[in-house]
Amino acid sequence: MLPTESKKALSFKRYIEVGDLVIVYERHDVMKPVKVSKDGVLQNRFGVYKHADWIGKPLGTKVFSNKGKFVYLLAPTPELWTLVLSHRTQILYIADISFVVMYLEVVPGCVVLESGTGSGSLSTSLARAVAPTGHVYSFDFHEQRAISAREDFEKTGISSLVTVEVRDIQGQGFPEKLSGLADSVFLDLPQPWLAVPSAAKMLKQDGVLCSFSPCIEQVQRTCEVLRSEFIEIRTFEVLLRTYEVKEVKMETSSMVDESHEDNGGMPPCKRKHKDDTISQDKSCNATSVVMARPCSEARGHTGYLTFARLQCLA
């Protein structure tokens, strides 16, 4: 993500240059971020890759190692960054992030307040949503996490779109300088109900708040506080079921009816017995079939998303 600083635009260069961050893609569950340098070298199970061979090539290129094996060089989109970033805290993943961005009504030019920053997974997607003229103000009470988040935002090229500050939002609330300026507020706190009154002061009329909580007891207490100044209070649980689609080989004999008529007059294929006493007929050929099945490691509950709209005063 390489923004044009003057316009705070979030875009990608078509060709890789020295200093760029790229995502090295081996397969859907094996990726890593790499900063390109002139003399840099990447080593993995496929061999050795020289960064010098990457420079000048377009993003999405397939590059080969000294062993003839390949990887892809991809742009660090928010979706991919969420999958490769360093976990300093539990992060939000794509299913929750997309839901949050939509229901917070985040569009280019919006001002969004976020607490806490954590690993910066959501912050990256919010930055893209508000670009080129909006801004994300993110707060975390942990100083080292805030420093690490700033460094990550520099790497991914969104530092002009995100401001990270060290602040205990539960105890101190949001800074008064942002009062009435926020289009949206996102809370990811142990006790979000403590920050709700301050968040209400930060929001513009008709602004939207979202609170992420892993436990329903947190949701209940937050909703009690929200009722005093907010309307349209709704809570969602996003459950994502991922399917694995792949090509497999199947024996034609398992798909053929034993009748001569249905088999074009040809004799039926013999099935291979477990004891191998009867060999399989040579006329039985394997065929490729595309199958889809649920992944064995499907994600379950991540948390509850509570949305509310600031009540407009007549």
Side-chain angles (χ1 to χ4, degrees), residues 1-88 91 93-94 97-98 101 106 108-109 112 117-138 145-164:
M1 279 167 272
L2 303 168
T4 304
E5 294 294 329
S6 59
K7 296 183 179 180
K8 298 182 180 180
L10 188 59
S11 60
F12 296 99
K13 294 179 181 177
R14 301 299 299 175
Y15 295 91
I16 299 169
E17 298 178 1
V18 172
D20 287 354
L21 181 74
V22 299
I23 303 298
V24 177
Y25 179 100
E26 294 183 25
R27 62 186 192 190
H28 74 278
D29 57 346
V30 181
M31 293 176 275
K32 69 178 298 183
V34 176
K35 187 174 183 180
V36 179
S37 61
K38 188 175 181 180
D39 301 318
V41 173
L42 170 69
Q43 297 187 48
N44 64 12
R45 60 199 175 99
F46 296 138
V48 177
Y49 300 84
K50 295 181 179 180
H51 291 194
D53 297 335
W54 304 355
I55 299 170
K57 288 185 168 57
L59 289 164
T61 293
K62 178 193 292 186
V63 293
F64 292 85
S65 70
N66 61 326
K67 296 181 179 179
K69 304 295 185 179
F70 65 87
V71 295
Y72 292 97
L73 305 178
L74 305 180
T77 64
E79 292 79 11
L80 292 180
W81 184 248
T82 289
L83 299 177
V84 302
L85 57 78
S86 299
H87 287 212
R88 296 177 288 273
I91 70 169
Y93 288 95
I94 295 170
I97 290 173
S98 57
V101 171
V106 182
V112 182
T117 310
S119 300
S121 175
L122 176 62
S123 312
T124 307
S125 291
L126 289 175
R128 180 176 63 180
V130 303
T133 56
H135 202 81
V136 177
Y137 294 91
S138 190
R145 280 208 295 260
I147 293 171
S148 298
R150 292 192 195 103
E151 292 172 353
D152 282 351
F153 298 152
E154 286 285 348
K155 291 178 188 176
T156 53
I158 61 170
S159 56
S160 63
L161 293 162
V162 184
T163 298
V164 182

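All residue numbers in this chain count up from 1 along the given sequence.
Ala131 and Pro108 get closest at one heavy-atom pair: O-CB, 3.2 Å. Taking all atoms of both residues into account, the shortest heavy-atom contact from Ile158 to Thr124 is CD1-CA, 3.8 Å. Contact record, Pro58 with Ile16: O-CD1, 4.4 Å, taken as the closest heavy-atom pair. Here the closest heavy-atom approach between residue Val101 and residue Ala129 is recorded as CG1-CB, 4.1 Å. Between Gly56 and Tyr15, the closest heavy-atom pair is O-CD2, 3.1 Å. A pairwise comparison of heavy atoms in Val162 and Ala127 identifies CG2-CB, 3.8 Å as the closest pair.
Using a cutoff of 4.0 Å between basic side-chain nitrogens and carboxylate oxygens, Glu17 and Lys38 are not scored as salt-bridged. Salt bridge Glu26/Arg45: present, at least one basic N to carboxylate O contact under 4.0 Å. Using a cut-off of 4.0 Å between Lys/Arg side-chain N and Asp/Glu carboxylate O, Lys155 and Asp20 are scored as not salt-bridged.
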- Task: Give the C-alpha distance, both sets of side-chain angles, the deciding distance and a yes or no for side chain to side chain contact (heavy atoms under 4.5 Å, CB included) between Arg128 and Leu161.
- Result: CA-CA 8 Å; Arg128 180 176 63 180; Leu161 293 162; over 6 Å; no
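Annotation: the span from Ile94 atom CD1 to Ser121 atom OG amounts to 8.0 Å, rounded to 0.5 Å. How far CG of Asp39 is from NZ of Lys50: 10.5 Å, rounded to the nearest 0.5 Å. Rounding to the nearest 0.5 angstrom, the gap separating the CG atom in Asp152 from the CD1 atom in Ile147 is 12.5 Å. Atom CG of Leu74 and atom OG1 of Thr61 lie 9.5 Å apart (nearest 0.5 Å). Note that the OG1 atom of Thr156 and the CD1 atom of Ile23 stand 9.5 Å from one another [nearest 0.5 Å]. To the nearest 0.5 Å, atoms CG (Asn44) and OG (Ser65) are separated by 7.0 Å.
Here the side chain of Ser37 pairs a donor or acceptor atom with the backbone of Gly40 at under 3.5 angstrom. A donor-acceptor contact shorter than 3.5 Å links the side chain of Asn66 to the backbone of Val48. Between the side chain of Arg145 and the main chain of Gly118, no donor-acceptor pair closer than 3.5 Å is present.
Contact of the Val63 side chain with the Asp53 side chain is not registered, since no non-hydrogen atoms from C-beta on lie closer than 4.5 Å. Ser159 places none of its side-chain heavy atoms less than 4.5 Å from the side chain of Arg150. Here the side chains of Val71 and Phe46 are in contact, with some heavy-atom distance below 4.5 Å. Side-chain contact check for Val130 versus Val112: some heavy-atom pair is nearer than 4.5 Å. Using a 4.5 Å cut-off on side-chain heavy atoms (C-beta onward), Pro76 and Pro33 make no contact. Two residues are said to be in side-chain contact when any heavy atoms from C-beta on lie closer than 4.5 Å; Thr163 and His135 meet this criterion. Proximity of Thr82 to Ile91: side-chain heavy atoms (C-beta onward) are separated by under 4.5 Å at one or more points. The closest side-chain heavy-atom distance from Tyr93 to Glu79 is not below 4.5 Å.
Ring geometry for His51 against Trp54 counts as parallel: the plane angle stays under 30°, on a 0 to 90° scale with 60° as the upper cut.
Annotation for His28: atom NE2 does not count as buried by contact number, only 12 or fewer foreign heavy atoms lying within 6.0 Å.
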